[in-house]
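To start, the structure under review is shown below, and the notes come after it.
This structure is a prediction, so every number in the text was calculated from the model and none was measured. Numbered from 1 within each chain, the chains take letters A, B, ... in sequence-line order.
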Amino acid sequence: MQIIIITIKIMKNSTRSFSTKSFSSYSSSSSPSLRWSEELIRYCEHPEVFSTKEVYHFDNEFVIIFDKYPKAKKHFLVMPRKRIDSIENLKKGDLGMMQKLKEKGQWVIDSMKEENPKLNFRMGFHAFPSMKQFHMHVISQDFISSALKNKKHWNSFTTPFFKDYEKIENILKEKGEIKFDKIYYEALLKKPLNCHLCNKKDIKNIPTLKKHLGDHWNDDSSEKSE
DNA sequence: GTTCTAGAAC
DNA sequence: GTTCTAGAAC
């Protein structure tokens with residue numbers, strides 16, 4: 001009986017949402033297939049509507065969210081709320097914002113290290129991000145995560161595809177813009193799996209890499225706990 | 001960015 | 001036969 005009631009409720013809902021959709025012009029449906037790339041924008045426009053499980057912190061200028069698919073034990077995105085599509089849209093005039101962005105990132109790192117001093121962090125940017133809205137990654141360097149699933153994930157954080165904050169700030173100061181060679185950086189994502197901590201090269205596959213990362217994490221903890 | 005899955009690699 | 005990767009998704 002309960003199942004029947006639930007089914008009816010679902011049918012009612014879907015009918016309603018369908019008619020609402022077709023009634024209003026639904027202007028935000030700019031190519032629905034590309035909507036995933038714009039998801040970060042919602043956090044910047046209305047950070048207050050999200051739970052504390054999604055939004056770590058926000059103020060008038062910045063939002064810090066938990067990465068939805070964390071590639072390490074701790075992985076945050078720090079973003080200006082002002083609409084900036086991409087790292088390529090940065091101007092020298094954004095250097096003030098950048099300084100505050102760095103402070104926000106460092107504030108998260110300090111707080112996370114207080115919680116677990118064993119964690120190391122990098123803060124920086126992908127040379128060619130997939131998601132719109134300029135965002136900075138704050139990510140712990142264990143890379144122990146079930147969401148880390150393929151070579152692209154790995155190489156995007158452990159090759160020069162990942163640009164530390166200071167690097168980007170320096171380029172912006174010196175050249176006034178951020179522009180990378182797309183062919184070169186796309187190729188980096190396809191390179192063999194190399195460990196970011198030791199000299200191990202050409203790790204066979206992702207499962208083997210994960211075992212290797214687990215070993216680093218455990219070795220490290222036994223050293224420090226002695 | 002993810003999910004899904006065909007077929008390559010083992 | 002099973003594990004794993006990598007390309008399509010309208």
For A:Phe143 and A:His196, take the angle between the two ring planes, folded into 0 to 90°, and tell me which bin it lands in: parallel under 30, tilted 30 to 60, perpendicular over 60. perpendicular
Margin query: Within the 4.0 Å heavy-atom criterion, would you say A:Leu40 contacts the bases, only the backbone, or no part of the nucleic acid?
Written below: nothing
Annotated structure of DNA chain B as dot-bracket, pair cut-off 3.5 Å, Watson-Crick or G-U only, | for inter-strand, is .|||||||||
| message | Is it the case that over 12 heavy atoms from other parts of the model lie below 6.0 angstrom from the NZ atom of A:Lys92? | response | yes
A:Phe162 meets the ring pair (Phe, Tyr, Trp, His ring centres under 6.0 Å) criterion, sequence neighbours left out, with A:Phe157
query: Between A:Gln133 and A:Pro80, is there a donor-acceptor pair closer than 3.5 Å when you use the side chain of the first and the backbone of the second?
result: yes
**Asked** So with a 6.0 Å cut-off around CD of A:Glu48, is the heavy-atom count from everything else above 12?
**Response** yes
| said: So A:Lys132, base contact, sugar-phosphate only, or nothing? Heavy-atom distance under 4.0 Å. | reply: nothing
task: Anything under 30° is parallel, anything over 60° is perpendicular, the rest tilted; go ahead and classify A:His137 against A:His126.
output: tilted
Would you classify A:Pro207 as touching base, sugar-phosphate or nothing, given that sugar-phosphate means primed atoms plus P, OP1 and OP2, and contacts are heavy atoms under 4.0 Å?
sugar-phosphate
- With hydrophobic residues grouped by side-chain heavy-atom distances under 4.5 Å, do A:Met79 and A:Trp36 end up in a single group? yes
| Parallel, tilted or perpendicular: which fits the ring planes of A:Tyr56 and A:Phe66, with parallel below 30° and perpendicular above 60°? | perpendicular
Checklist entry - Looking across every strand, which nucleic acid part, if any, lies under 4.0 Å from A:His135 by heavy atom: base, sugar-phosphate, or nothing? => result nothing
Contact span of DNA chain B against chain A, any nucleotide atom under 4.0 Å from a heavy atom, 5' to 3', runs B:dG1 to B:dT3
- Task: With heavy atoms under 4.0 Å as the rule, sort A:Lys152 into base, sugar-phosphate or nothing.
- Result: sugar-phosphate
